[in-house]
Every structure is written in structure tokens, then in C-alpha cells.
Amino acid sequence: MPYIAEVILPVYLKNVFQYAVNDEDIVLLNIGKRVVVPFGKNNKLYTAMVYKIYETQENTQTLKSIHEIIDEIPIINPIQLAFWTWIADYYWCSLGEVMLFALPNHLILHTHTNVIFTEAIQSLDITTLTTKENEIIHFLAKHAPYSFKKLKNEFSEYTIKKLLKKKIIQLDTQLINPFKPHLKTFIFLDWQNLINQFQNNQQVTPSEVISLAIQNTKSENQQKVLLYLLQNEGIEKKYLLHNLQISDSVLKALEKKKWIYQEKHAVDRIQLKKKGKQNVELNSHELEFCNQFIQELLNSTSWSPTVFFHDLGMKRIVFFIEYFKKIISMGKQILFLVPEIAFTDKFVEELYHYFTEELGIYHSRINDNERVEIWYKVFIKEYKIIIGVRSALFLPFTDLGLILVDEEQDANYKQEEKNPKLNIKDAAIYYAKMLNIPIILSTQTPSIETYYHTQQHKYRLVNYLRSPAPKENQIQITDLKTQISLRQSIGLLTDLSYKSIYEQKLKNHISVIFLNRKGYAPRIVCNTCGHVHFCIHCDIALTYYKQSNKLKCHYCGYQEDNIYFCKNCGSNDLSFEGFGTEKIEEQLHTIFPNFVIRRLDSSNFKTKKQLADFLNELHKNNTDIIVGTQLITKLLHFDNVDLIIVLMLDMMLHIPNFRAFEYTYQFLRHIIYELDIPHNPSKKLIIQTRMPNHKIFEFLMKDYASYYHEQILLREELRYPPFSRLIELEILHPKLDVLNQAIHHFNKLLRSAYSEWILGPTYPYVAKLKNYYRIQYLIKIPKKQNSLKVKEHIQKAFNDFLHIERGSHFRLNINVDPK
DNA sequence: AGCACGCCGACT
DNA sequence: GTCGGCGTGCTC
């Protein structure tokens with residue numbers, strides 16, 4: 001009986017696709033192997049993942065068949081595939097999208113299509129062709145084989161199609177494996193030939209052979225190389241040339257004589273540098289707790305996530321390392337998830353100190369080739385520990401023994417910018433449960449939901465809170481409102497901030513100023529007609545960046561050159577309204593003319609090296625003030641940073657999100673603990689606000705529990721998570737009026753059931769995004785209800801809606817458990 | 001989502 | 001004969 005393989009294709013489509021399996025392939029085919037399949041009208045070749053294989057009684061002749069099997073052994077195991085399936089179901093996306101996210105780019109082979117002549121070209125009578133057709137033929141005569149894509153750009157597609165139909169030209173599709181091993185050249189002595197040449201009858205030692213060879217050449221450089229190679233055979237060419245200060249031609253000459261040979265080897269691209277000694281150590285009390293903690297975790301029998309709620313700051317890494325050592329000694333692998341690798345240099349240093357070759361790093365700045373190398377090393381268990389961001393969860397661990405999620409409260413774990421819109425923390429918990437392995441959520445400020453689960457005994461809670469409360473004068477709230485009305489404030493800064501910066505200057509310390517907004521100004525307003533300059537794709541003002549003199553959209557990435565005249569009325573009287581870090585930096589220069597002021601945000605630090613250089617320079621040139629965005633948390637461990645000033649906190653508190661309070665509280669607590677304010681009476685945090693009586697400031701001085709108890713009551717009252725599950729739903733259309741008209745139909749269909757849980761329709765703050773207008777719904781599914789049925793209902797409502805609005809460009813976006 | 005296909009109008 | 005635009009329908 002024939003066999004059918006169901007495969008996952010890297011496309012948006014929800015279903016899996018069936019292909020016929022040839023008799024000779026069936027023995028080689030397994031679930032979890034990559035295959036190449038033809039797909040679509042053109043039979044374009046795609047890399048697909050084998051999902052299921054089964055026998056069938058039906059005729060498979062109507063099916064296309066598998067073109068090629070890529071892998072000799074499966075690169076994904078059945079548990080991982082089951083995990084992919086769960087993600088696709090729960091987060092409402094296609095398996096293909098999960099696959100694209102889970103696999104490194106370079107494991108998905110690409111195709112390249114060239115245009116070539118057919119044999120018909122031999123007997124072609126060019127007079128039968130039109131002038132346009134002849135142009136292409138002449139062009140191809142010179143350039144064939146030529147990229148199909150490029151040809152379509154340079155000539156009309158219509159004419160190319162005609163030539164294809166006449167079978168004068170044809171398409172030639174080739175698979176390209178984008179992975180390129182990193183090759184380096186190494187130099188070896190060619191003993192075989194050397195001995196043949198210089199061994200006269202009696203036995204000679206290697207050094208005698210070389211000295212004979214040296215006598216046989218007049219070139220000093222060649223002699224140097226031979227001597228050097230005797231000691232350092234197999235050295236990398238680059239170093240040989242550098243160390244001996246010679247050129248490539250010397251080696252070429254030696255190679256010609258067959259005294260040496262060169263060989264290319266694939267080498268690791270990833271080379272961590274061994275840094276100095278680690279500087280974090282535990283005291284005896286901490287160590288004792290650590291051992292007890294580990295023992296408890298190892299002894300526990302029933303599976304449940306462990307929440308590690310602590311105030312250890314950077315010291316936590318030593319805790320982790322102790323635990324990791326135990327797990328590794330048991331022969332298992334470890335996944336250490338962090339929200340953002342930029343903030344974890346210290347972790348990597350410490351981990352590398354203990355685990356060196358067993359440690360792998362996986363984050364957004366690792367390039368595609370390196371990803372494949374890491375993938376492979378995890379697979380063969382050469383890497384025992386991976387420290388990485390979101391996508392590291394999909395690495396092919398063969399023997400995972402622990403997942404540790406650091407900073408579990410961090411919202412970065414939820415991905416919303418592309419599918420799958422998953423929360424890696426929640427997915428990691430699910431995955432750990434599937435594998436029945438321990439998972440630890442580490443945090444200095446648990447998220448409300450996580451802490452709730454510990455209170456419900458769904459998660460195990462381990463406390464380690466030893467820090468004293470911060471002193472009253474260490475966290476100072478300064479009222480912008482009264483300061484401004486009394487005209488005491490100096491530009492942006494209140495008196496208190498201003499004086500404090502001077503105090504730091506006298507101590508030769510750096511003041512750090514935080515503002516959560518990049519660029520110079522968030523909008524350009526015309527003073528003549530009031531026109532605000534908007535993004536062409538989104539319904540939002542463009543942000544002005546002074547350094548690059550560009551206008552950028554923070555939502556879609558669109559950018560254009562700065563404008564000097566209003567696009568509406570032509571006036572040149574434009575003002576840059578609002579504040580970004582660039583503008584603050586400029587104003588600080590006026591307020592503190594003799595200070596050294598620097599700016600730190602992601603727009604001026606694209607690479608890791610730039611950031612490292614910046615940090616190194618800080619020590620050298622006596623910086624007085626640094627203004628920056630989130631990146632400033634990098635600076636909090638510095639000895640000469642005692643003061644942080646937070647500007648415009650109110651902005652953060654007022655973002656339209658039910659978690660705004662939680663995020664702001666987390667952020668401030670993060671600063672307090674990273675700066676280690678409780679243990680350092682000289683350190684302080686100043687917060688500028690117009691709402692000095694806001695309850696968030698009270699909570700900062702008290703313990704976590706008081707904050708939690710108030711927040712959880714609010715959540716319950718408003719039926720927000722953890723008392724409900726949220727689904728955010730968006731209907732999109734490129735035309736606003738079409739959307740507005742159609743939404744009534746959709747609304748009726750959607751509200752035909754579960755109406756009391758549905759909020760909306762509402763217009764979001766940014767009405768148009770990436771050329772699509774949006775209307776949103778928020779669905780609050782009560783905790784105990786089955787969300788699957790609600791999802792089915794939504795899908796049905798949308799399908800019925802599409803049927804009514806047949807053929808129009810409506811899109812549905814679903815975001816499960818939004819940020 | 002892509003993308004090909006087909007129909008149409010416009011231009012030469 | 002050539003070319004681009006846009007609506008429609010399909011992908012094993």
C-alpha cells in the first residue's frame with residue numbers, strides 16, 4: 001500500500017500538506033527530518049518538516065511526491081513537534097510559522113531560479129520573434145544563466161512568459177544550502193616529500209630533515225618558516241604570516257617545492273574570550289541557603305514550577321552556577337533563558353569561567369551561520385548550557401535537565417511583533433511539563449500572575465529576601481508641578497535633581513538620567529497651521545532624530561529625511577515638540593556647560609562592540625552625566641554611579657494598558673535592586689513626577705506583599721488576568737470606510753455568543769498601522785471556562801464574515817495573552 | 001500570505 | 001503588440 005507524508009511548510013497557511021512517498025524513500029523517511037517538496041503552481045521547491053507518515057488505501061497519484069530527503073537523522077524529535085503543535089493551537093498561528101521561528105534560517109534551504117536556453121535555441125529563427133522578445137534573447141545570449149527574479153525586473157514579465165511558452169527559454173531551479181562553514185587555512189610541513197628529498201639512505205630525525213632543507217634554500221624567509229613550523233606545525237596561516245612578518249609569496253614558494261602544504265578546515269565562529277577572575281562571591285550564609293535550595297529542588301518529587309523570589313542582585317548567578325554544576329554532573333543539559341542578552345555580559349563572564357567549552361550563547365546578534373553551529377553542538381551535547389533569548393527554547397536539546405527563566409516578570413518574553421505571538425516563559429513552563437523536568441522562574445519582583453500562582457500553590461515559592469528596606473532619603477520624589485509653578489526648575493530638572501547632580505560632580509561621580517524615549521522629539525508641529533507630520537503608513541507622528549537628521553516611525557520602521565517646510569502649508573516655522581534623549585542631552589549641555597555629558601540609547605549603539613567601547617571610555621574621560629533609555633541599566637553596577645534620576649515617569653504610568661502600574665513598579669524596583677540601594681546608603685534614586693502622591697511611591701518604600709495585595713484585588717474586580725484569559729482581536733483593512741461599514745456585520749456575528757465577555761469594537765490609539773486600519777476587541781474569558789470553544793467561535797464568526805464580504809482584503813489578527 | 005492567471009483598458 | 005492594474009482563487 002502506498003504511503004503519505006504530512007509535512008509542515010514554512011508558509012502562512014494553517015494546514016499541513018500531504019505528499020506521496022516513493023517506495024525507495026519510505027525506509028529513509030522519518031518524522032522530524034527535513035525534506036524538499038514542490039509546492040504551488042510553479043512547483044517552487046520548499047524545505048518542509050515531516051510531521052506524520054502513514055499508509056493509505058487511497059490512490060496517491062494525484063499527490064505530488066517528495067523531491068529529496070535532506071537529513072540522515074531527524075533534527076526534531078516527536079516531543080518537540082508536539083510542542084510546536086501546542087504553540088500553533090494555543091497562540092493561533094500556523095505550524096509553518098512556528099517552524100520558521102524555531103529553526104535557524106540557514107536550516108531552511110532556499111531555492112534560486114535561473115533562466116536558461118532550451119535546445120530549441122539551436123534552430124531558432126529570430127525573424128519570427130518580436131523586437132521585445134529579441135531584446136531578451138540577445139541579453140540572455142550574453143548573460144545566461146541569469147536570475148529569473150532579476151530578469152523580471154529588467155524586462156517585461158509578459159514577454160518572458162511568451163518565450164517560456166514557446167519553449168525557447170526555460171527555468172532552472174536549484175537548491176541552495178545557505179550554511180557556509182567558516183574555513184581557515186592552516187599550514188603543515190609536507191613530511192612525505194621532505195623525507196623523500198633529503199633522506200639519503202640512513203634514518204634521519206625530523207629536525208635533521210628540516211636543517212637539510214634549510215641548507216638547500218638561500219631565502220632567509222623560507223628558512224624562518226621551516227624553523228617555525230618545526231615547532232608550530234599546523235598553525236593558522238594568518239598567525240604565521242603575522243608572527244614572522246612575511247608575505248604570502250614565501251609560502252607559495254615553499255608550497256611549489258612541496259615542502260609545505262595548506263589545508264582549509266572548518267572552525268567555530270564562536271569564540272568566547274576568557275576574562276579575568278570572577279568577582280561575585282557568596283557569604284557563608286548565602287552559600288548555606290544555596291545548598292539547601294538545591295537539595296530541596298533535587299529532592300522534590302511532584303512536578304511544579306519553582307519561583308525563586310530573591311534580592312540577590314548579580315549574586316544570583318553564583319546560586320545558579322552551583323545548581324548547574326549538579327545538573328551537569330548528572331549528565332543533563334541546561335537552558336538558561338534571559339529576556340535580553342544585552343544586559344547579561346556579567347552572567348556570560350561568570351558562566352564561562354566555570355563551564356568554558358560547555359557554554360553556548362544564543363541571541364539576536366548571533367548570525368545565521370553561527371546559529372547552525374550552535375544548533376548542531378546542542379544536538380550532539382557538546383554544549384551543556386545555553387544562555388539565550390526567546391528562540392533558544394527551540395534548540396534541539398537531547399537531554400534537557402533544567403530550564404531557568406531569569407527575570408520572569410520581564411514583558412520581553414512575550415513576542416507580539418510577529419507570529420507566533422507566544423510568551424516564551426509560559427511556553428517554557430509547558431515544555432518543562434511535557435519533559436517532566438524542573439523549571440525555575442527567577443525574579444526580584446514577581447509578576448502579579450506568577451505570584452498569584454504561588455499563593456494558589458500551583459507554583460512552589462522559594463523566598464530569599466534579606467535586604468533592609470531603602471531609607472527614606474534614598475528614594476526621593478520631586479514634584480514637577482510645584483517646581484514649575486514656582487519657576488524654580490531649571491529647564492527639565494527640579495531643584496533637587498539639579499543640586500544632586502552637582503553633588504555627584506564634586507565627588508567625581510556619574511549621574512545617570514533615564515528617559516524612556518529615543519530620538520530628539522516625538523513630533524514635528526507646524527506653528528503656522530498646526531499640522532503634525534505623520535508616518536505615511538501609520539496613523540502616528542514621526543519622531544525626529546537629530547544626530548542622523550532623519551524622521552522615523554517607531555511602529556513600522558519607515559524613515560525619511562528631515563523636513564524644513566510644512567508639507568501642508570509650506571511654512572518654515574516648525575517646532576520639535578516633546579522630549580527624547582537627544583533633546584535632553586542638548587538641554588543638559590546648556591544647564592551644565594562645563595560637564596562631560598554622554599548619551600546611551602540603542603540608536604547610537606547598534607553593535608556590542610560600540611557598547612563595550614562606550615563603557616570602557618567612561619572610566620577614561622571623566623564623564624559627569626549620562627542620559628539614556630533602558631540601556632542605562634548596564635551602568636548600575638559601576639562603582640562611581642550613585643545617582644539615578646528618572647524623568648517623565650508619568651508617561652510610563654499612563655500607557656493605556658492594565659499592566660502599566662505593574663510595569664512601572666517593576667522598573668523602579670529593578671533600579672533599586674540593581675543599583676543595590678538598600679546596602680549602600682550613599683546611593684539614591686530621584687523620581688520627577690507631577691503626581692507625587694501617587695500610591696506607587698508608597699509601595700516602593702514598603703514590601704512586595706503590600707503592592708501585590710492591592711493589585712490582585714484590582715485584577716479580580718476588573719476580571720483581568722490571572723482571573724481571566726485575554727484574547728485580543730483585530731480586524732484589519734486598508735480602507736477605513738470599508739472597515740467601518742463592514743464592522744457591523746462582524747460585530748453581530750462575533751457577539752452572537754459570549755457577548756458578555758467581549759469588549760469592543762474600539763479604535764486603537766494608533767488607528768492605522770503599516771497601511772492597515774484596525775478595529776479591536778478584547779475578550780475576557782473567565783478563568784474556569786474553556787478558551788478553545790471561544791476561539792472556535794471567533795474563527796467561525798470571522799469565516800462567516802468573510803463569506804458575506806467575499807473577496808475583500810480583511811485580515812484577522814489574534815493575540816492570545818497580550819502584554 | 002504570496003502568486004499566477006485572466007480580463008480590461010490604454011498606449012503605440 | 002505591449003504593459004500595468006486589479007480582482008479572484010489556490011496552495012497537498
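Chain letters run A, B, ... following the sequence lines, proteins first, then strands; residues in each count from 1.
Nearest nucleotide to the A:Lys152 side chain, out of C:dT11, B:dA1, B:dA4: B:dA4. Of the candidates C:dC12, C:dC3, B:dA4, the closest approach to any side-chain atom of A:Leu63 belongs to C:dC12. Side-chain atoms of A:Lys44 lie closest to B:dC3 of the nucleotides B:dC3, C:dT11, B:dA4.
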Pair A:Glu730-A:Arg774, salt bridge (charged side-chain N to carboxylate O under 4.0 Å, His left out): steps then yes or no: CA-CA 6 Å; A:Glu730 265 180 6; A:Arg774 313 178 294 156; 2.7 Å; yes
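Near DNA chain C, meaning a heavy atom under 4.0 Å away, there are no residues from residues 92-106 of chain A. Within residues 9-37 of chain A, the residues that place at least one heavy atom under 4.0 Å from DNA chain C are, in residue-number order, A:Leu13, A:Phe17, A:Gln18, A:Tyr19.
Considering only side-chain N and O atoms, A:Lys64 lies under 4.0 angstrom from the phosphate OP1 or OP2 of C:dC12. An OP1 or OP2 oxygen of C:dC3 is reached within less than 4.0 angstrom by a side-chain nitrogen or oxygen of A:Thr159. The side chain of A:Asn42 contributes an N or O atom lying less than 4.0 Å from OP1 or OP2 of B:dA4.
The closest side-chain donor-acceptor pair between A:Lys819 and A:Asn657, if any, does not fall under 3.5 angstrom. A side-chain donor from one of A:Asn30 and A:Lys33 sits under 3.5 Å from a side-chain acceptor of the other. A:Gln785 and A:Trp757 are not linked by any side-chain donor-acceptor pair at a separation below 3.5 angstrom, with hydrogens and angles left out of the test.
Remark: A:Lys780 qualifies as a cation-pi partner of A:Tyr720 under the 6.0 Å distance and 45° angle criteria applied to the six-membered ring. Remark: A:Arg371 qualifies as a cation-pi partner of A:Tyr362 under the 6.0 Å distance and 45° angle criteria applied to the six-membered ring. Stacking of A:Arg390 on the aromatic ring of A:Tyr413 is not recorded, the 6.0 Å distance cut-off and the 45° axial limit not both being met.
Rounded to whole Å, atom C1' of C:dT11 lies 9 Å from atom OH of A:Tyr46. Separating the OH atom of A:Tyr158 from the C1' atom of B:dC11 is a distance of 14 Å, rounded to the nearest angstrom. The CG-C1' distance, from A:Asn59 to C:dC12, rounds to 14 Å in whole Å. Summarising the geometry, the separation between CD on A:Glu135 and C1' on C:dG1 is reported as 13 Å, rounded to the nearest angstrom. Put simply, CG on A:Leu45 is 18 Å from P on C:dT11, counting in whole angstrom units. Summarising the geometry, the separation between NZ on A:Lys162 and C1' on C:dC3 is reported as 11 Å, rounded to the nearest angstrom. Between A:Asn43 atom CG and B:dC3 atom P there is a gap of 15 Å when expressed in whole angstrom units. Atom-to-atom, CZ of A:Phe148 to C1' of B:dC3 comes out at 11 Å; the value is rounded to the nearest Å.
When each of A:Phe810 and A:Lys41 is assigned the nucleotide of DNA chain B with its nearest heavy atom, A:Phe810 is the one assigned upstream, toward the 5' end. Between A:Arg811 and A:Glu157, the residue anchored closer to the 5' end of DNA chain B is A:Arg811, taking for each the nucleotide with the nearest heavy atom.
Considering every non-hydrogen atom in both A:Ala102 and A:Trp375, the closest pair reads O-CZ3, 3.7 Å.
The aromatic rings of A:Tyr430 and A:Trp86 sit parallel to each other, their planes meeting at less than 30°, with 60° as the upper class boundary.
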Identify each donor-acceptor pair in which a side-chain atom of residues 9-18 of chain A lies under 3.5 Å from a protein atom, sequence neighbours left out, and give them as a table.
unit_1  : atom_1 : unit_2  : atom_2 : d
A:Gln18 : NE2    : A:Glu6  : OE2    : 3.4
A:Gln18 : NE2    : A:Tyr54 : OH     : 2.8

